[in-house]
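We're numbering straight along the sequence, starting at 1.
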Amino acid sequence: MYKFFLQPILFRFDAEKVHHFTFNLVKILFKIPLVPQIFRAFYNYEHPGLEREVFGLKFRNPVGLAAGFDKNAVLTDELASMGFGFIEIGTLTPKAQPGNDKPRLFRLKPDQALINRMGFNNEGVEAAVKRLRERKSDILIGGNIGKNKVTPNEDAVNDYLISFNALFEVVDYFVVNVSSPNTPNLRALQEKEPLKQLLQTLQENNEQRPKQKPVLLKIAPDLTDSQLDDIIEIVQETRIAGVIATNTTISRADLVSDQNLVNETGGLSGKPVTQRSTEVIRYLSEKSGKAFPIIGVGGIHSPEDAIEKLKAGASLVQIYTGFIYEGPGLAGEINRKIANSDI
C-alpha cells in the first residue's frame, strides 16, 4: 500500500518537510489505543533464527535503522514497532546546530536515491539524552556522534568525548562519524594519524569504565584500497569493536536523474551505493580475515540486497533510503527472507 499509494503522495512535496510531517503524524497515531499493537502485528517478524550476538550485544534481529533518520531520538519507541532489531540515533554534536541552508535534501527518483547535505543538524546531545532516559521500549540503541561545525579539527576529539560521556548510560553502542561529506573538513579526520588518535582517546575513556560500550567507526564508500588497509590496521590497534560500511558517497557515476539534481552537493545514498558498499564490506572482511564485525549499510532496498551484504561479510545491516522508498514493511520483509535462508 505504501509504495503504490502513500509514497506517490508524499513524494510530491519537499523531502525535508515530509520527513517532519510524517514524524509528527506517527507521534499522534501512536497515542491512539491499539495503534502500537497494530504496527507490531503488521511489521514485526520474530524468529529464533534471527537473533544475533555481535560485539557482546544480543540483537533480536540483524536489521537496524541507520543514523540520520531519527537524529534526535524522537521516535525510538514508535520505530521499535516497525520490525527493527536496533536503532541508531544521531549524528549528535555537543551543541545544537541548525545544519546547512535549505533546501538540503533531494530525491533522485529514477535512481531510487537521495542527496543530502544536512550538515549534522540536531538539537544537541543533551536533548537526545533526556528523551532516551524517558523511552519505554528496550530496543538496542546506537549513538552516532560527530563534531560541531565551528569546532576545528585539532579540537574535534573534545567534541566526541563530550557526546560520548553524555550518552554513555543511555545507548548500547557508539558510532564515530568522520565520514559525512557535509561538514567542512570532517573527512580529513579519516586520515590515519588523526583517526588513530581520536579512536585511541575514546577507547582509553571507554576502558576506564566498569563496563565498556562497543565503539564502531563509520567509513565512507569513497576510500581507496590502501585507505581501507589503514582502517583495518587502526581498528585492530585501537581495539574498537568494528566498522559500519558505508556512509554516503560523493560520487555521481552512472546517475540518470535530472542533471540539476545530480549536480546538487552532498552525500548520495540509495541504490547507486549498493554495489560499492558491498565491495567495501567484502574487502574489509576478507582482508582482515573477519577480524571484527561489520554493519553493512548502503542501498538496501530489498531482502536480496541485505542478504548480499551479509554474505559479503556483514554481521548486521542497516537501512535508511530504502526505508523511505520501500516503506515501513521493509525491515520485516528482510527478516522473513533471512529467517528462511541459510545466512
- Query: Nearest 0.5 Å, what's the CD1-CD1 distance between Ile234 and Ile219?
  - Reply: 10.5 Å

- Are side-chain heavy atoms of Thr91 and Ile145 found at a separation under 4.5 Å? no

- Start with the C-alpha distance between Glu46 and Arg60, add both sets of side-chain angles, then the distance that settles salt bridge (Lys or Arg N to Asp or Glu O under 4.0 Å), and finish with yes or no. CA-CA 8 Å; Glu46 297 184 8; Arg60 67 188 186 196; 5.7 Å; no

- With the threshold set at 4.0 Å, does a side-chain nitrogen-carboxylate oxygen contact exist between Glu51 and Lys58? no

- Message: Does any part of the side chain of Ile141, heavy atoms only, come nearer than 4.5 Å to the side chain of Glu88, both counted from C-beta?
- Response: no

- Item | side chain to side chain donor-acceptor pair (under 3.5 Å) between Ser251 and Thr249, worked out | CA-CA 5 Å; Ser251 170; Thr249 181; 4.6 Å; no

- Query: Do Thr321 and Ser269 have a side chain donor and acceptor closer than 3.5 Å?
  - Reply: yes

- Answer with yes or no whether the hydrophobic clustering places Ile250 together with Ile231; edges join I, L, V, M, F, W, Y residues whose side-chain heavy atoms lie under 4.5 Å apart. no

- Message: Apply ring pair (Phe, Tyr, Trp, His ring centres under 6.0 Å) to residues Phe30 and Phe39 and explain how you reach the verdict.
- Response: CA-CA 9 Å; Phe30 269 70; Phe39 266 75; 4.8 Å; yes

- Query: Can we say Lys287 and Asp229 salt-bridge, meaning some charged N sits less than 4.0 Å from an Asp/Glu carboxylate O?
  - Reply: yes

- Would you call Lys271 and Asp305 a salt bridge, using N to O less than 4.0 angstrom? yes

- Message: Is the distance from the ring center of Phe84 to that of Phe59 below 6.0 Å?
- Response: no

- Query: Measuring from Phe174:CZ to Lys218:NZ, what's the distance to the nearest 0.5 Å?
  - Reply: 16.0 Å

- Message: Any non-hydrogen side-chain atom of Phe120 less than 4.5 Å from a side-chain atom of Leu92?
- Response: no

- Task: Determine, using the 4.5 Å side-chain heavy-atom cutoff (strictly less than), whether Val63 and Val54 are members of one ILVMFWY cluster.
- Result: no

- Query: To the nearest 0.5 Å, how far apart are CG in Asp111 and CG in Asp254?
  - Reply: 9.5 Å

- Student check: side-chain heavy atoms of Pro62 and Asn335 closer than 4.5 Å: yes

- Would Glu134 and Lys130 pass as an ion pair if we require N to O under 4.0 Å? yes

- Query: Considering only heavy atoms from C-beta outward, does the side chain of Val175 approach that of Ile295 to under 4.5 Å?
  - Reply: no

- Ring centres under 6.0 angstrom apart (Phe164, Tyr160): no

- Message: Less than 4.5 Å apart, side chain to side chain, heavy atoms only: is that true for Tyr325 and Arg107?
- Response: yes

- Item | CD/Gln275: more than 12 non-hydrogen atoms of other groups inside 6.0 Å | no

- Looking at Arg133 and Glu169, does any basic side-chain N land under 4.0 Å from a carboxylate oxygen? no

- Query: Quick one: do Lys71 and Glu123 make a salt bridge, cutoff under 4.0 Å?
  - Reply: no

- Neighbour count >12 (heavy atoms, 6.0 Å) for atom OH, Tyr2: yes

- Task: For a side-chain hydrogen bond (donor to acceptor under 3.5 Å, both in side chains) with Asn182, tell me which candidate from Asn116, Thr248, Asn100 qualifies.
- Result: Asn116

- Quick one: sort the Phe69 and Phe323 rings into parallel, tilted or perpendicular, breaks at 30° and 60°. perpendicular

- Would you verify whether the NZ or CZ of Lys213 falls within 45 degrees of the ring axis of Phe168 while also being under 6.0 Å from that six-membered ring's centre? yes

- Hey, does the side chain of Gln97 reach the backbone of Lys149 with a donor-acceptor pair shorter than 3.5 angstrom? yes

- Message: Just so I know, are the side chains of Ile89 and Arg131 near enough to count as touching, which here means a heavy-atom distance under 4.5 Å?
- Response: no

- Message: Looking at Lys3 and Glu326, is there a salt bridge between them, counting it only when a charged N and a carboxylate O are closer than 4.0 Å?
- Response: yes

- Query: Tell me, do Val74 and Lys27 make a side-chain contact under 4.5 Å, heavy atoms counted?
  - Reply: yes

- Message: Quick check for you: to the nearest 0.5 Å, what is the distance between Leu217 atom CG and Ile294 atom CD1?
- Response: 11.5 Å

- Query: Could Arg135 and Asp77 be called an ion pair, given the rule that one side-chain N must be under 4.0 Å from one carboxylate O?
  - Reply: no

- Query: Roughly how far, to the nearest 0.5 Å, is the CZ atom of Arg104 from the OG1 atom of Thr265?
  - Reply: 12.5 Å

- Side chains of Asn206 and Gln203: is there a donor and an acceptor less than 3.5 Å apart? yes

- Query: Do any N or O atoms from the side chain of Asn177 and from the backbone of Ser179 form a donor-acceptor pair under 3.5 angstrom?
  - Reply: yes

- Query: Got a salt bridge between Arg187 and Asp222, using NZ or NE/NH1/NH2 to carboxylate O under 4.0 Å?
  - Reply: yes

